[in-house]
A.B. asks: 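Below: one structure in structure tokens.
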There are 2 protein chains.
Amino acid sequence: MEKISETYEPAPDDALDTSAVAQSVTHQLRRAHGQFTNRFLLHFSRLSLRPAEFSVLSLIAQNPGRKQSEIAAALGIQRANFVVLMNELESRCLTERRSAPNDRRSHAIHLTPDGESLLADARRAEADFEADCLERLGGTRARDQFLTLLRRLLG
Amino acid sequence: MEKISETYEPAPDDALDTSAVAQSVTHQLRRAHGQFTNRFLLHFSRLSLRPAEFSVLSLIAQNPGRKQSEIAAALGIQRANFVVLMNELESRCLTERRSAPNDRRSHAIHLTPDGESLLADARRAEADFEADCLERLGGTRARDQFLTLLRRLLG
DNA sequence: TATTGTTATACTCTATAACTATA
DNA sequence: TATAGTTATAGAGTATAACAATA
């Protein structure tokens with residue numbers, strides 16, 4: 001039996017027109033970064049490592065004994081903000097600031113054994129995380145292209 | 001005349017090894033987003049528009065009268081955070097919350113004439129900004145690829 | 001009970017200015 | 001004078017929990 005009055009359906013649940021915003025690098029970069037950071041924090045919550053902290057540990061491991069400001073500059077982090085990061089890592093006994101031999105102003109940054117150990121754990125966690133990232137992006141070629149494009153945005 | 005003692009140069013100003021961090025999507029995305037946001041704020045400082053605010057105005061213009069939570073959801077912004085954004089825009093007389101006809105819980109969001117006017121200005125500023133972005137990325141094809149890859153990171 | 005808007009709070013990352021100690 | 005590290009503060013964005021009014 002047919003319905004008596006087949007009223008026109010005005011689609012009350014209509015999807016919004018997002019065309020302007022969907023084409024905006026500004027908007028997409030902000031969203032992608034936000035979601036990405038959240039996933040990272042979730043994935044590394046067991047290790048209590050934030051994205052910036054993981055980058056710091058990685059770079060120190062590859063460049064032990066360098067000055068605090070050298071590490072900061074290589075990561076694109078300002079000296080003032082880097083101090084707080086290092087305080088946090090040092091309070092967890094992951095890094096240490098040794099006195100530099102020829103310049104009493106500067107600190108030579110090193111990982112502690114605890115820091116080396118946590119970094120080893122973190123690198124295993126990162127392998128999973130970057131694999132998920134790789135899958136989302138669509139393979140190594142897409143990932144490399146993505147990294148290239150991100151670098152072009154710098155400077 | 002040759003130098004007498006050609007001492008081995010230990011390169012005191014040696015560049016750091018950034019290979020681990022340079023390959024990390026985590027790191028590059030964080031850096032690119034940060035620099036990009038700063039450039040946006042500088043470019044739009046005359047209009048006092050932040051990235052999120054510009055996206056909000058754009059989306060409202062294309063979807064006037066929609067519910068506050070619909071706009072927020074389409075932008076991937078949580079309701080709670082969106083309230084603060086709307087308060088700020090409304091205090092500047094750029095948007096208004098009208099009472100929705102069929103649901104006294106919800107607000108129908110509109111741009112004011114001032115909002116339309118500012119958005120027109122902002123769109124001109126955005127044209128410059130996205131052109132600079134296009135140049136950095138290396139053309140429209142690279143830009144479109146970048147947007148595609150950013151979208152793949154979502155969800 | 002579920003949804004809409006709201007408030008409050010905390011967290012990640014960033015920028016800037018000003019200070020101390022050392023070079 | 002310049003550099004290394006530091007402190008303090010502000011800003012942009014995010015997440016979560018809880019609440020009142022309405023459906």
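Residue numbering restarts at 1 for every chain, and letters A, B, ... go by the order of the sequence lines. Just so it is clear, the structure is predicted and the values come from calculations on it, not from any experiment. Heavy-atom basis, side chains included; hydrogens, waters and symmetry copies ignored.
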A.B. asks: Who pairs with A:Glu130 by side chain to side chain donor-acceptor pair (under 3.5 Å), at least two apart in sequence or on another chain?
C.D. replies: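 With sequence neighbours excluded, A:Glu130 shows a side chain to side chain donor-acceptor pair (under 3.5 Å) to no residue whatsoever.
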A.B. asks: Specify the closest pair of heavy atoms between B:Asp17 and A:Gln62, including all atoms of both residues, with the distance to one decimal.
C.D. replies: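 Between these two residues, the closest heavy atoms are O-OE1, 3.3 Å.
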A.B. asks: When the ring planes of B:Phe129 and B:Phe36 are compared, do they come out parallel, tilted or perpendicular, using 30° and 60° as the limits?
C.D. replies: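 Ring orientation of B:Phe129 relative to B:Phe36: perpendicular.
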A.B. asks: A:Arg39 has an atom CZ; how far is it from atom P of D:dA15, in whole Å?
C.D. replies: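 It is 12 Å, rounded to the nearest whole Å.
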A.B. asks: Rounding to an integer number of Å, can you tell me how far A:Gln68 CD sits from D:dT6 C1'?
C.D. replies: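 Computing the A:Gln68:CD to D:dT6:C1' distance gives 9 Å.
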A.B. asks: Counting only side-chain N and O atoms of A:Arg97, is one of them less than 4.0 Å from OP1 or OP2 of D:dT6?
C.D. replies: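 Answer is yes, contact under 4.0 Å.
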A.B. asks: Atom CZ of B:Phe82 and atom C1' of C:dG5: how far apart are they, to the nearest Å?
C.D. replies: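 Taking atom C1' of C:dG5 as the reference, CZ of B:Phe82 is at 12 Å.
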A.B. asks: Sub-3.5 Å donor-acceptor pair from the side chain of A:Thr95 to the main-chain atoms of A:His110, do we have one?
C.D. replies: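 Between the backbone of A:His110 and the side chain of A:Thr95 there is no qualifying donor-acceptor contact (under 3.5 Å).
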A.B. asks: Rounded to the nearest Å, what distance is computed from the CZ atom of residue A:Phe36 to the C1' atom of nucleotide D:dT14?
C.D. replies: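 Roughly 16 Å, once rounded to whole Å.
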A.B. asks: Identify all side-chain donor-acceptor contacts of residues 116-128 of chain B below 3.5 Å with residues at least two apart in sequence or on another chain.
C.D. replies:
{"unit_1": "B:Asp121", "atom_1": "OD1", "unit_2": "B:Arg124", "atom_2": "NH2", "d": "2.6"}

A.B. asks: Counting only N and O atoms by type, is there a donor-acceptor contact under 3.5 Å from the side chain of B:Thr26 to the main-chain atoms of A:Pro51?
C.D. replies: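 Judged by distance alone, no pair lies under 3.5 Å.
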A.B. asks: Going by side chain to side chain contact (heavy atoms under 4.5 Å, CB included), B:Ser106 matches just one of B:Lys67, B:Glu70, B:Arg66. Which one?
C.D. replies: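 Among the candidates, only B:Lys67 passes.
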A.B. asks: What closest approach, in Å, do B:Phe82 and B:Ile71 show between heavy atoms, and which atom pair accounts for it?
C.D. replies: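 Residues B:Phe82 and B:Ile71, closest heavy atoms: CZ-CG2, 3.5 Å.
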A.B. asks: Can you measure B:Lys67 atom NZ to D:dA23 atom P for me and round it to whole angstrom units?
C.D. replies: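 Taking NZ of B:Lys67 and P of D:dA23, I get 12 Å after rounding.
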A.B. asks: How does each nucleotide of nucleotides 7-14 of chain C score, in 5' to 3' order, for protein heavy atoms under 4.0 Å: base (B), sugar-phosphate only (S), or none (-)?
C.D. replies: BB---SSB
A.B. asks: Check whether any side-chain N or O of B:Gln28 sits under 3.5 Å from a backbone N or O of B:Gln23 as a donor-acceptor pair, and report yes or no.
C.D. replies: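 A pair under 3.5 Å: no.
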A.B. asks: From CD1 of B:Ile109 over to P of C:dT4, roughly how many Å is that when rounded to an integer?
C.D. replies: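 In whole Å, C:dT4 P and B:Ile109 CD1 are 13 Å from each other.
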A.B. asks: To the nearest Å, give me how far apart CG (B:Leu49) and P (D:dG13) are.
C.D. replies: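 It works out to 10 Å between those atoms.
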A.B. asks: Kindly state which residues belonging to residues 148-155 of chain B come within less than 4.0 angstrom of DNA chain C, counting heavy atoms of the residue only, listed by number.
C.D. replies: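 Result for residues 148-155 of chain B: none.
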A.B. asks: Where the side chain of A:Glu53 meets the backbone of A:Leu89, is there a donor-acceptor pair that is under 3.5 Å apart?
C.D. replies: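 No.
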A.B. asks: Taking only heavy atoms on the protein side, list every residue of residues 98-105 of chain B lying under 4.0 Å from any atom of DNA chain C, sorted numerically.
C.D. replies: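 Those residues whose heavy atoms fall under 4.0 Å from DNA chain C, taken from residues 98-105 of chain B in numerical order, are B:Arg105.
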A.B. asks: The criterion is ring pair (Phe, Tyr, Trp, His ring centres under 6.0 Å); which residues satisfy it with A:His33, sequence neighbours excluded?
C.D. replies: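 With neighbours one apart ignored, the set is B:His33.
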A.B. asks: Roughly, in whole Å, what's the span from NE2 in B:His107 to P in D:dT22?
C.D. replies: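 Those two atoms, NE2 and P, are 10 Å apart.
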